[in-house]
Amino acid sequence: MKNINATTIGNLISAHYEADNEKFDTWVEFIIEAYEEQGEQRKADIIRKRADGSYKNEPKVVLDNV
């Protein structure tokens, strides 16, 4: 089973600072797969939607002050 730890996050950050989109996307996919393997589909969906930008097409939640 894949595990998300400090090394995973560190590699993701390194790829970002190196402007290596291919490496960055590979680590994002690793994180998504790890969450799916752990049965954390909601977390996987959040990461996927952020990565592909599809979150922008969803309605925003607004809480009214009571």
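Just so you know, these numbers use all the heavy atoms, side chains as well, and skip hydrogens, waters and symmetry mates. Note that this is a predicted model, so its numbers are computed, not measured.
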Fill in the blank from the handout: The reported gap from CD in E33 to CD1 in I47 (rounded to nearest 0.5 angstrom) is 13.5 Å
Handout entry: Cluster overlap F24 with I13, hydrophobic side-chain contacts below 4.5 Å
Key = yes
Exercise for the section: Kindly give the heavy-atom pair with the smallest separation between K43 and Y35, and that separation in Å. Expected result: CD-CE2, 3.6 Å
Problem - Approximate separation, where rounding is to 0.5 Å, of R50 CZ and Y55 OH - result: 5.0 Å
Problem - Nearest-0.5 Å distance, CD1 of residue I32 to NZ of residue K2 - result: 11.0 Å
Practice task
Could you list the residues that satisfy side-chain contact (heavy atoms from CB on, under 4.5 Å) with K23, not counting sequence neighbours?
Solution key: A15, E18, D20, W27
Handout entry: Side-chain ion pair, D45 and R48, N-O less than 4.0 Å
Key = yes
Handout entry: Atom CD of Q41: over 12 foreign heavy atoms under 6.0 Å
Key = yes
Exercise for the section: Report the distance from atom CD1 of I31 to atom CG of N3, rounding to the nearest 0.5 Å. Expected result: 11.0 Å
Exercise for the section: Mark yes or no for whether E36, through its side chain, and A44, through its backbone, hold a donor-acceptor pair below 3.5 Å. Expected result: no
Exercise for the section: Taking atom types as modelled, find out whether T8 and N11 have a side-chain donor-acceptor pair closer than 3.5 angstrom. Expected result: no
Problem - Heavy-atom side-chain contact between K49 and K56 under 4.5 Å - result: no
Practice task
Please round to the nearest 0.5 Å and tell me the distance separating atom CG of D25 and atom CG of L12.
Solution key: 9.5 Å
